[in-house]
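Notes to accompany the following structure.
What you are looking at is a predicted structure, and each value in this text was computed from that prediction instead of being measured. These values consider heavy atoms only, across backbone and side chains, with no hydrogens, waters or symmetry-generated copies.
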Amino acid sequence: MQKIVLTGGPGAGKTVVATAIARAHPGRFVLVPEAATQVYHRLQTRWDKLDLADRRDVQRQIYRLQVEQEANVERQHPGRILLLDRGTIDGAAYWPDGSPDYWQALQTTPEAELSRYHAVIWLETVAVLGLYDGEASNPCRFEHPEAAIQSGRLVLQLWGNHPRLKHVGAFVRLADKIEAVKEILCSIET
């Protein structure tokens with residue numbers, strides 16, 4: 001079963017794009033929702049309101065939920081392509097002690113995590129266009145526009161060794177970004 005990750009910084013459109021594509025093509029794709037948003041909603045907090053120990057604990061919870069969701073969706077929807085709103089690698093961008101410590105703390109490696117996924121599509125945040133709305137569209141967001149851009153770049157760096165990493169730039173119209181992702185999906189599905 002193929003797993004394709006949509007990743008990028010805050011305001012990149014990951015959730016909207018993944019949801020739109022999965023809804024438009026339910027026979028081909030099934031959405032795996034973003035684990036981080038679920039964990040933060042359950043805890044009624046966000047990353048910038050946590051101390052270092054809690055940030056580590058939350059990232060562990062996000063990782064476990066991500067892995068669990070992927071396994072559950074694979075079981076429940078055999079033969080469909082999993083379209084993931086972020087993947088396990090993304091957590092390394094938010095680990096307070098840096099990515100090498102993230103891998104060690106979770107008893108994994110970047111190579112093991114990269115191998116979980118068939119392809120990765122990195123989406124650029126609309127912050128580069130001056131269109132970033134911060135927490136208005138997602139109350140879990142805490143980054144200001146420049147931090148959203150930097151977060152996206154760090155995520156891109158963390159996924160950088162994936163053999164099927166594709167890039168989608170920022171678009172003024174979300175519909176154009178959805179179409180760009182659909183084109184990439186058609187090219188990497190086989």
Side-chain angles (χ1 to χ4, degrees), residues 3-23 29-77 82-110 112-117 120-123 125-127 132-145 147-159 162:
K3 293 190 245 183
I4 300 174
V5 175
L6 297 186
T7 191
K14 300 173 297 292
T15 300
V16 174
V17 171
T19 301
I21 292 171
R23 283 186 183 153
F29 299 105
V30 60
L31 176 67
V32 178
E34 183 186 30
T37 298
Q38 295 174 69
V39 170
Y40 286 120
H41 278 293
R42 182 174 43 80
L43 297 173
Q44 298 182 340
T45 191
R46 60 188 203 188
W47 189 88
D48 63 321
K49 299 192 182 291
L50 301 171
D51 64 21
L52 291 178
D54 287 339
R55 286 177 182 176
R56 290 181 197 102
D57 181 57
V58 163
Q59 288 308 130
R60 285 184 186 96
Q61 290 180 51
I62 292 167
Y63 178 86
R64 285 191 301 268
L65 179 58
Q66 180 71 40
V67 171
E68 178 183 299
Q69 286 186 142
E70 290 176 21
N72 288 340
V73 172
E74 278 182 306
R75 261 191 318 277
Q76 295 167 4
H77 301 280
L82 273 62
L83 196 56
L84 298 103
D85 185 345
R86 293 196 180 262
T88 56
I89 296 279
D90 289 68
Y94 296 93
W95 189 257
D97 308 304
S99 60
D101 191 67
Y102 177 77
W103 311 124
Q104 184 177 18
L106 293 171
Q107 299 179 345
T108 188
T109 65
E113 298 307 314
L114 289 170
S115 71
R116 297 172 56 80
Y117 305 107
V120 179
I121 303 173
W122 178 82
L123 307 177
T125 177
V126 293
Y132 180 68
D133 65 359
E135 65 184 53
S137 60
N138 183 342
C140 291
R141 283 194 197 131
F142 61 91
E143 297 93 343
H144 57 78
I149 294 167
Q150 292 304 324
S151 176
R153 290 179 182 153
L154 177 55
V155 168
L156 176 59
Q157 179 184 0
L158 290 165
W159 286 101
H162 196 284

Requested in this report: State whether a side-chain donor-acceptor pair under 3.5 Å links Glu143 with Gln150.
Outcome: no

Query raised in the report: Do you see a donor-acceptor pair shorter than 3.5 Å between the side chains of Asn72 and Gln76?
Result: no

Query raised in the report: Which residues pass the salt bridge (charged side-chain N to carboxylate O under 4.0 Å, His left out) test with Asp48, sequence neighbours left out?
Result: Arg46

[Y] side chain reached by [X] side chain, heavy atoms, under 4.5 Å:
{"X": "Gln61", "Y": "Leu43", "value": "yes"}
{"X": "Thr7", "Y": "Val120", "value": "yes"}
{"X": "Thr19", "Y": "Leu31", "value": "yes"}
{"X": "Ile4", "Y": "Leu82", "value": "no"}

Atom [atom1] of [X] and atom [atom2] of [Y]: how far apart are they, to the nearest 0.5 Å?
{"X": "Leu65", "Y": "Arg60", "atom1": "CG", "atom2": "CZ", "value": "16.0 Å"}
{"X": "Thr37", "Y": "Lys14", "atom1": "OG1", "atom2": "NZ", "value": "8.5 Å"}
{"X": "Asp90", "Y": "Thr88", "atom1": "CG", "atom2": "OG1", "value": "8.0 Å"}
{"X": "Arg86", "Y": "Ile62", "atom1": "CZ", "atom2": "CD1", "value": "9.0 Å"}
{"X": "Ile21", "Y": "Phe29", "atom1": "CD1", "atom2": "CZ", "value": "6.5 Å"}
{"X": "Thr109", "Y": "Gln104", "atom1": "OG1", "atom2": "CD", "value": "12.5 Å"}

Report task. Could you give me the CA-CA distance, side-chain angles and deciding distance for Glu34 and Gln66, then say whether side-chain hydrogen bond (donor to acceptor under 3.5 Å, both in side chains) is met? Result -> CA-CA 8 Å; Glu34 183 186 30; Gln66 180 71 40; over 6 Å; no

Requested in this report: Any chance you could lay out the salt bridge (charged side-chain N to carboxylate O under 4.0 Å, His left out) test for Asp133 and Arg141, step after step, and finish with the verdict?
Outcome: CA-CA 10 Å; Asp133 65 359; Arg141 283 194 197 131; 3.2 Å; yes

Check: [Y] main-chain N/O paired with [X] side-chain donor or acceptor under 3.5 Å:
{"X": "Tyr132", "Y": "Ile149", "result": "no"}
{"X": "Ser99", "Y": "Ala92", "result": "no"}
{"X": "Trp159", "Y": "Leu154", "result": "no"}
{"X": "Glu113", "Y": "Thr108", "result": "no"}
{"X": "Arg116", "Y": "Gly87", "result": "no"}

**Report entry** CA sep, side-chain torsions, deciding dist, call: Glu68, Tyr63, side-chain hydrogen bond (donor to acceptor under 3.5 Å, both in side chains)
**Finding:** CA-CA 9 Å; Glu68 178 183 299; Tyr63 178 86; over 6 Å; no

Query - Under-4.0 Å salt bridge between Lys3 and Glu70 - result: yes

Query raised in the report: Is the shortest side-chain N to carboxylate O distance from Arg56 to Asp97 below 4.0 Å?
Result: yes

Requested in this report: Show your working on side-chain contact (heavy atoms from CB on, under 4.5 Å) between Leu50 and Val58 and close with a plain yes or no.
Outcome: CA-CA 9 Å; Leu50 301 171; Val58 163; 3.6 Å; yes

Can you name the nearest heavy-atom pair linking [X] to [Y], along with the distance?
{"X": "Pro33", "Y": "Gln69", "answer": "O-NE2, 3.0 Å"}
{"X": "Ala93", "Y": "Val155", "answer": "CB-CG2, 3.9 Å"}
{"X": "Pro96", "Y": "Leu52", "answer": "CB-CD2, 3.5 Å"}
{"X": "Ala127", "Y": "Pro145", "answer": "CB-O, 3.6 Å"}

Report task. With side-chain contact (heavy atoms from CB on, under 4.5 Å) as the test, would you mind laying out the steps for Tyr94 and Tyr102 before giving the verdict? Result -> CA-CA 9 Å; Tyr94 296 93; Tyr102 177 77; over 6 Å; no

**Report entry** Face-on cation placement of Arg55 at Trp95 ring, 6.0 Å and 45° thresholds
**Finding:** no

Query raised in the report: Does CZ in Arg42 sit with more than 12 non-hydrogen atoms of other residues, nucleotides or ligands closer than 6.0 Å?
Result: yes

Query - Qualifying residue, where the test is side-chain contact (heavy atoms from CB on, under 4.5 Å) with Leu6 and the options are Asp85, Val17, Thr15 - result: Val17

